[in-house]
Undergrad: 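Pasting a structure here, questions to come.
This structure is a prediction, so every number in the text was calculated from the model and none was measured. Order of appearance sets the numbers: ligands from 1, and atoms from 1 within every ligand. Positions are given from 1 along the sequence.
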Amino acid sequence: MVLAELGGSISRALQQMSNATIIDEKVLNECLNEITRALLQADVHFKLVRDMTTNIKKIVNLDDLAAGHNKRRIIQQAVFNELCKILDPGKASFTPKKGKPSIVMFVGLQGSGKTTTCTKYAYYHQKKGWKPALVCADTFRAGAFDQLKQNATKAKIPFYGSYTESDPVKIAVDGVETFKKENCDLIIVDTSGRHKQEAALFEEMRQVAEATKPDLVIFVMDSSIGQAAFDQAQAFKQSVAVGAVIVTKMDGHAKGGGALSAVAATKSPVIFIGTGEHMDEFDVFDVKPFVSRLLGMGDWSGFMDKIHEVVPMDQQPELLQKLSEGHFTLRIMYEQFQNILKMGPIGQVFSMLPGFSAELMPKGRENESQAKIKRYMTMMDSMTNEELDTSNPKLMTDSRIMRIARGSGHQVHEVMDMMEEYKRLAKMWSKMKGLKIPKKGEMSALSRNMNAQHMSKVLPPQMLKQIGGMGGLQNLMKQMGSAKDMMGGMGGMFSGGDK
Ligand SMILES: Nc1nc2c(ncn2[C@@H]2O[C@H](COP(=O)(O)OP(=O)(O)OP(=O)(O)O)[C@@H](O)[C@H]2O)c(=O)[nH]1
C-alpha cells in the first residue's frame, strides 16, 4: 500500500532521529529533510510542505527545551499536528441519519471509481444496519447499469435502473420515488461521468440534482492525479453543491498524499478513501486517526469499530467469560477465524494497531494468511462437536486426525499444523485465566492495572515495546475505556497473525 510507504518513510525519519544520542539542530534538520522528501514524493504541494517544516521548527525550539523534556515526543507531536493541519479542511460533512430517508448523489469523472464507490458506500452502511438502495442514473456509459446491478446483487442491495430509458433525470426521479416508498433510509444515485470536465457533464449533474434534491452530493475522485485534485475538486464544487469527497485508488498510487491535501485545500471534507477494488476495501477518513495510522501510532477507534462490526456486543462477554476460565476450544478458534475474515483485509486491521503499519503485511502475505485461515476452517468443518468443544488436545488421536484429513480433503501434516496453531493460541490464552472482567462502565484503576498486566504477558514482546511498555499499555487501555473490548479484539488479531 503506497500510503503505508509514505507513513513508513516518515516514521523511519522519526525513529532515526530518536536513535541519535543528542537531538540537536543537525539531527532535527536531517529528520525534517527526510519527511519533506517523502511528502514531495507523495505529490503534496511544496508550499504546504515548506510551511509545515517552518512551523515545526518554530514549535520545536531546541534551545528552549530544557534537559528532561522528551524532545522526540515533542517533535513527533509537532509532525502529527502539522500533518493533521495539512489534511484538515476545517469543515465537517453532512452526515445522513439512520432511519431518516436521505438522498445521496454521486458525481465524478468517468473511470474515477464512482460506480464501485457507490456500492462500497451502500455496503458500508448496510453492515451498520441501514437500509440502502442504489439508483443507476448513468445513461452515458453503456454497461454502467449492468455493473451497478452486478455489484448490488452481490451485496444484496436493492437497485433501480433501465436499459431503455435514456433520460437520466427520469430514471433518478423514478428510482428515488420507488425507494422512498420502500422506506429505504439511504438512497444513492449514481450519475454519468465524462472523460474530462465539460459543460454537458455539469449540465446533466445540475438537472439530476435539481430533480432529486439530494441531501448530500459526493464527489468521487481518483487519487492518481495528486495535487491536480485541487483544480478538479474546485471545478465540481462550482457546478454542483459538493458536500463531501471520496478519494479512490489510494492503494495503487504514489500521489495519494498530494490528492488528499489538495482536496483539503479546497475546504471539502474527504469522508472515505477507497483502498482496493473489493467491496470492503473502503475506509472512513478521519484526519487524526488517519495520521496516527500513517505514523504507526495506531487507531484504536477504527480498530474498535471493526471489532464491534464483526463481534456482536452480546457475544463479547460470553467469549471473555470462557477465556477468563481458561477454556480455549477449537470452536472458539473457529469463531475467531470467522471474525477475522469478516473484518476484511488483515493488513488494514493491523494498520490500526500502534507500532504496526500496513507495510508489515504485504498484499501477497495477506492473501496467504487469509488462505491459511480458510484452509484451517475447512478442516474444522470435518470435526465432531466433541472435538470442537474440548480444550484437551489429547482427544485428538491419530485416527481422529486421519479422519479429519480425509474428510476435509487435506494432508495429515496440514491437520497437524492446524492443531499446532491451536495449541499455540490455547497456550497464549491460558495466561488469561483468572482475568478479572469489569462490568460495563466500571473500570477501576486497579482492574485496569490487573488487565494490563495480563495483557503484557500475552502480547508479543516486540509489540509491547512498540506500544511503550507497561506504561504505554495502561495508557492505551485507559483510552479504550473498556478492557472487554480490547480482549475481544486481541483474540481476533492474534489468530490472524501469520506466525
Ligand atoms: N485499486 C483500486 N481500484 C478501484 C478503486 N475504486 C474503483 N476501482 C476500479 O476502478 C475502475 C473504474 O471504476 P468504476 O466504478 O467503473 O468507475 P466509474 O467512475 O463509475 O466510471 P463511469 O461509470 O464510467 O463514470 C474499476 O476497475 C474499479 O474496480 C480503488 O479504491 N482501488
Undergrad: Do any N/O atoms on Asp138 end up under 3.5 angstrom from N/O atoms on ligand 1?
TA: yes
Undergrad: For atom 24 (O) of ligand 1, which protein heavy atom lies nearest, and how many Å away is it?
TA: Arg141 NE, 2.4 Å
Undergrad: Quick one about Thr115 and Asp190 (side-chain donor to acceptor, distance below 3.5 Å, no hydrogens or angles considered), yes or no?
TA: yes
Undergrad: How about Tyr376 and Asp417: does a side-chain donor come under 3.5 Å of a side-chain acceptor?
TA: no
Undergrad: As an exercise, identify every atom of ligand 1 less than 4.0 angstrom from a heavy atom of Lys114.
TA: 15 (O), 17 (O), 18 (P), 19 (O), 20 (O), 23 (O), 25 (O)
Undergrad: Test your reading of the structure: does Thr248 have an N or O sitting under 3.5 Å from an N or O of ligand 1?
TA: no
Undergrad: Is the distance between the ring centroids of Phe202 and Phe236 under 6.0 Å?
TA: yes
Undergrad: Within a 6.0 Å radius of atom CD on Glu182, are there more than 12 heavy atoms belonging to other residues, nucleotides or ligands?
TA: yes
Undergrad: Verify the neighbour count for atom CD of Gln150: are there more than 12 heavy atoms of other residues, nucleotides or ligands below 6.0 Å?
TA: no
Undergrad: Is the gap between the ring centers of Phe272 and Tyr124 under 6.0 Å?
TA: yes
Undergrad: Which ligand 1 atoms are under 4.0 Å away from a heavy-atom of Ser112?
TA: 19 (O)
Undergrad: Return a yes/no value for Met250: is any of its N or O atoms, backbone included, closer than 3.5 angstrom to an N or O of ligand 1?
TA: no
Undergrad: Where on Thr117 is there a heavy atom closer than 4.0 Å to ligand 1, on the side chain, on the backbone, on both, or on neither?
TA: neither
Undergrad: So which heavy atom in the protein is nearest atom 3 (N) of ligand 1, and how far is it from that ligand atom?
TA: Glu277 CG, 3.4 Å
Undergrad: Any idea which protein heavy atom is nearest atom 13 (O) of ligand 1, and the distance to it?
TA: Gly113 CA, 3.4 Å
Undergrad: Could you work out, for atom 14 (P) of ligand 1, the closest of Asn151, Val107, Thr116 by heavy-atom distance?
TA: Thr116
Undergrad: For Ile273, state whether at least one heavy atom is located under 4.0 Å from any atom of ligand 1.
TA: no
Undergrad: Do Tyr121 and Phe106 have ring centres separated by under 6.0 Å?
TA: yes
Undergrad: Please determine whether salt bridge (charged side-chain N to carboxylate O under 4.0 Å, His left out) holds for the pair Lys249 and Asp222, giving the CA-CA distance in whole Å, both sets of side-chain angles, and the decisive distance to 0.1 Å.
TA: CA-CA 6 Å; Lys249 310 186 193 178; Asp222 182 333; 3.3 Å; yes
Undergrad: Nearest to atom 30 (C) of ligand 1, what protein heavy atom do you find, and at what distance?
TA: Gly276 O, 3.1 Å
Undergrad: Side chain to side chain donor-acceptor pair (under 3.5 Å) between Gln207 and Glu203: does it pass, once the steps are laid out?
TA: CA-CA 6 Å; Gln207 286 178 9; Glu203 185 47 34; 3.1 Å; yes
Undergrad: Within a distance under 4.0 Å of any heavy atom of Gln147, pick out the atoms of ligand 1 and give their elements.
TA: 14 (P), 15 (O), 16 (O)
Undergrad: So for ligand 1, is Asp251 a polar contact partner (N or O within less than 3.5 Å, distance only)?
TA: yes
Undergrad: If you measure from each non-hydrogen atom of Thr275 to ligand 1, which part falls under 4.0 Å: side chain, backbone, both or neither?
TA: backbone
Undergrad: Is there a polar contact between ligand 1 and Ala144, counting only N or O atoms under 3.5 Å apart?
TA: no
Undergrad: Among protein heavy atoms, which sits nearest to atom 21 (O) of ligand 1, and what does the distance come to when rounded to 0.1 Å?
TA: Gly111 N, 3.0 Å
Undergrad: Nearest non-hydrogen atom to atom 11 (C) of ligand 1 belongs to which of His278, Lys249, Glu281?
TA: Lys249
Undergrad: Looking at Thr115, which atoms of ligand 1 are within less than 4.0 Å of one of its heavy atoms?
TA: 15 (O), 18 (P), 20 (O), 23 (O)
Undergrad: Considering residues at least two apart in sequence or located in another chain, which fulfil the ring-ring contact (aromatic ring centres under 6.0 Å, His included) criterion with Phe230?
TA: none
Undergrad: Suppose we screen for side chain to side chain contact (heavy atoms under 4.5 Å, CB included). Which residues come up paired with Asp138, at least two apart in sequence or across chains?
TA: Lys114, Cys136, Phe140, Arg141, Ala144, Ser192
Undergrad: Quick one: is the NZ or CZ of Lys149 closer than 6.0 Å to the six-membered ring centre of Phe145, and within 45° of its axis?
TA: yes
Undergrad: May I ask you to list the atoms of ligand 1 that are less than 4.0 angstrom from any heavy atom of Gly274?
TA: 31 (O)
